[in-house]
There are 2 protein chains.
Amino acid sequence: MQKANENQYLQLHQHYHYLIQQGALKAGDKLPSEREIGEQFSLTRITVRQALQTLEADGLIYRMNRKGWFVSPPTLSYNPSKWQSFVEYASSQGFTPNTEVLNQTLVPADTNMANVFQISKGTLLLHLHRRRSVDGRPILIEHIYINPCLLPNIEHEELSQSLTQLLRRNYGETYHSMDLSFKSTALPTTAAADLGIPTGLPGLHIQRTNYRPDGVVLELDYEYWRHDAVTIEINMKGE
Amino acid sequence: MQKANENQYLQLHQHYHYLIQQGALKAGDKLPSEREIGEQFSLTRITVRQALQTLEADGLIYRMNRKGWFVSPPTLSYNPSKWQSFVEYASSQGFTPNTEVLNQTLVPADTNMANVFQISKGTLLLHLHRRRSVDGRPILIEHIYINPCLLPNIEHEELSQSLTQLLRRNYGETYHSMDLSFKSTALPTTAAADLGIPTGLPGLHIQRTNYRPDGVVLELDYEYWRHDAVTIEINMKGE
DNA sequence: CAGTGGTCTAGACCACACC
DNA sequence: GTGTGGTCTAGACCACTGT
């Protein structure tokens, strides 16, 4: 019943914030159940959940659907200016990366895609839908569109590997420049489902367009990241 | 009482999502009060709030403290690779930008700052705490640290203006390169308070380090953005 | 099966904004 | 003042996980 300086959910938030920062709770540790926490602090489950959701927004904890709340591991650092593949930068940071191809189809280009790739509407594009994980935790959903005319037989390659490396090795293609767009937004329902997390959680949406040296678009990439899984690092030279 | 295909809060979410996308609700429009919405759809306030918070996570609506919920305006596009000032890129996108200096002090460098600026611990740094708005809506809190030894008398300048332009005009300094780091995280309590929004909302944290041509650090900048106010755009050349 | 989080009801009081 | 969102109580049932 205390109406002290602080709201109760913020006090509970600070409690766990402290435990995690001090290392009393470590990455991957499971928190007590919401009901247990409620009993321990004489709080309603709703209040407990508000505290947990605030910690989740901080990126300090995450939930596995109906399994419980867990302390978040450190974030992956993603540096587009290094032109490294996911496997390269995840491994070099001590994570064990994994890629799954969820779907792989040829789809006709709509008006927008036709514009981007400078092809006529209806031309078939390779659509690659992948899920990438580190240490067994899914953190990223990719939707990649590639113009197969530029890369004959690419659809018969093993597409769970690094596209960067695949293109270099088999087709001699080399990325020349890319446009990136970052937006913090809730994960779309489908991406959240693919990641196994509830709809509406904050996420990071990245759109990437890769160009060949001659300016032709090689690859269009929509990425949906867990908001707490990644830090973007970029080094810019100018001006 | 319907336990149909969809949760009730997701149905309500879709309802407003549709209204906003169709333009029936426009940027800046106020939504009905939580209690009114609850009556209209026979839902509890908690369920209504869950739907509203999901729309907020999408960036479609935002709240003004105890005033109500409003439809979000379009995002500001921030392109660090263009080396433009806030005023330049906000104006060119049709927004009316504004900058307020919340605080301006000389602070002794701690160990970390001393390392970054390659000065001895305790040397005085200029700390600039600013709030930036577009069309009257605060969207960004800045904490800037500058080594005043490199820029004599800078503390007597009008510091609500663009630092980029100020440095160019008065000191001949020109940025040469910068390191950027982006992280999606909840806004710290103080930043949320400065922005007039509740603690714990998702936000975008940007850390920027600006270097002189000789590699000396000119400026260290911590930025906290509303998550729904900005899209980061970057063009990279390589490799 | 029991335990977990996910959703929801039907209220309550508070602090603050606006009039 | 009244009305708003902010916080909180004390329950409930459901869907799914792991045994």
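All chains are named by letter (A, B, ...) in the order of the sequence lines, taking the proteins before the strands, and each is independently numbered beginning at 1. The structure displayed is predicted, hence computed values, not measured ones.
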Ring geometry between A:Tyr222 and A:His205 (parallel below 30°, tilted from 30 to 60°, perpendicular above 60°):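 The rings of A:His205 and A:Tyr222 lie parallel, inter-plane angle below 30°.
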
Would you please classify the geometry between the A:His127 ring and the A:His129 ring as parallel, tilted or perpendicular, with 30° and 60° separating the classes?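 Ring orientation, 0 to 90° scale: parallel.
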
Check if the side chain of [X] and the base of [N] share a donor-acceptor pair of N or O atoms closer than 3.5 Å.
X	N	result
A:Arg35	C:dG5	yes
B:Arg66	C:dA17	no
B:Arg45	D:dG6	yes

Please report, rounded to the nearest Å, how far the [atom2] atom of [N] is from the [atom1] atom of [X].
X	N	atom1	atom2	value
B:Trp69	D:dG6	CH2	C1'	11 Å
A:Ile46	C:dA12	CD1	P	16 Å
B:Asn7	D:dC16	CG	P	11 Å
A:Glu39	D:dT9	CD	C1'	15 Å
A:Arg49	D:dT7	CZ	C1'	16 Å
B:Leu10	C:dC8	CG	P	8 Å
A:Gln8	C:dC13	CD	P	16 Å
B:Ile37	D:dG3	CD1	P	17 Å

Under 3.5 Å, is there a donor-acceptor pair between the A:Thr75 and A:Thr231 side chains?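 Yes.
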
Could you tell me whether the side chain of B:His15 reaches within less than 4.5 Å of the side chain of B:Phe41, counting heavy atoms only?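 Yes, side chains in contact.
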
Are any non-hydrogen side-chain atoms of B:Tyr89 and B:Phe95 less than 4.5 angstrom apart?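 No; the side chains remain at least 4.5 Å from each other.
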
Which atom names give the shortest non-hydrogen contact between A:Ile37 and A:Leu12, and what distance separates them?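 Result for this residue pair: CG2-CD2, 3.9 Å.
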
Please name the residue in the list B:Arg132, B:Glu142, B:Arg131 that meets the side-chain hydrogen bond (donor to acceptor under 3.5 Å, both in side chains) test with B:Thr99.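 So, applying the side-chain hydrogen bond (donor to acceptor under 3.5 Å, both in side chains) to B:Thr99 and each of B:Arg132, B:Glu142, B:Arg131, only B:Arg132 qualifies.
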
Have a look at B:Ser33 and say if it touches a base, only the backbone sugar-phosphate, or nothing, with a 4.0 Å heavy-atom cut-off.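 Sugar-phosphate, backbone atoms only, no base.
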
Please list, one pair per line, the donor and acceptor atoms closer than 3.5 Å that link side chains of residues 46-62 of chain A to other protein atoms, with sequence neighbours excluded.
{"unit_1": "A:Arg49", "atom_1": "NH1", "unit_2": "A:Glu34", "atom_2": "OE1", "d": "3.3"}
{"unit_1": "A:Arg49", "atom_1": "NH1", "unit_2": "A:Glu34", "atom_2": "OE2", "d": "2.8"}
{"unit_1": "A:Thr54", "atom_1": "OG1", "unit_2": "A:Gln50", "atom_2": "O", "d": "2.7"}
{"unit_1": "A:Glu56", "atom_1": "OE1", "unit_2": "A:Arg63", "atom_2": "NH2", "d": "3.0"}
{"unit_1": "A:Glu56", "atom_1": "OE2", "unit_2": "A:Arg63", "atom_2": "NE", "d": "2.9"}
{"unit_1": "A:Asp58", "atom_1": "OD2", "unit_2": "A:His13", "atom_2": "NE2", "d": "2.5"}

To the nearest 10 degrees, what angle separates the axes at the start and end of the helix from C:dC1-D:dG18 to C:dC18-D:dG1, five pairs each?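 Roughly 10°, once rounded to the nearest ten degrees.
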
Closer than 4.0 angstrom, basic N to acidic O: yes or no for A:Arg130 and A:Asp194?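 Salt bridge flag = no for A:Asp194 with A:Arg130.
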
With the side chain of [X] defined as its heavy atoms from C-beta on, choose the nearest nucleotide among [options].
X	options	answer
A:Tyr9	D:dT7, D:dA10, D:dA12	D:dT7
B:Thr47	C:dG5, C:dC8, D:dG5	C:dC8
B:Glu36	D:dT4, D:dT9, D:dT7	D:dT4
B:Lys67	D:dG18, D:dA10, C:dC18	C:dC18

Of all of residues 50-60 of chain B, which get a heavy atom below 4.0 angstrom from DNA chain D, listed by number?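 Residues of residues 50-60 of chain B that come under 4.0 Å of DNA chain D do not exist, since none gets that close.
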
If you measure from CD1 on A:Ile146 to CG on A:Leu163, what distance do you get to the nearest 0.5 Å?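 Atom-to-atom, A:Ile146:CD1 and A:Leu163:CG are 5.0 Å apart.
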
Please compare A:Asn65 and A:Thr44 by the position of their nearest nucleotide in DNA chain D and report the one closer to 5'.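 Final value for this comparison: A:Thr44.
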
Assuming nearest nucleotide by heavy-atom distance, tell me which of B:Pro32 and A:Ser42 is located more 5' along DNA chain D.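 Nearest-nucleotide comparison on DNA chain D picks B:Pro32.
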
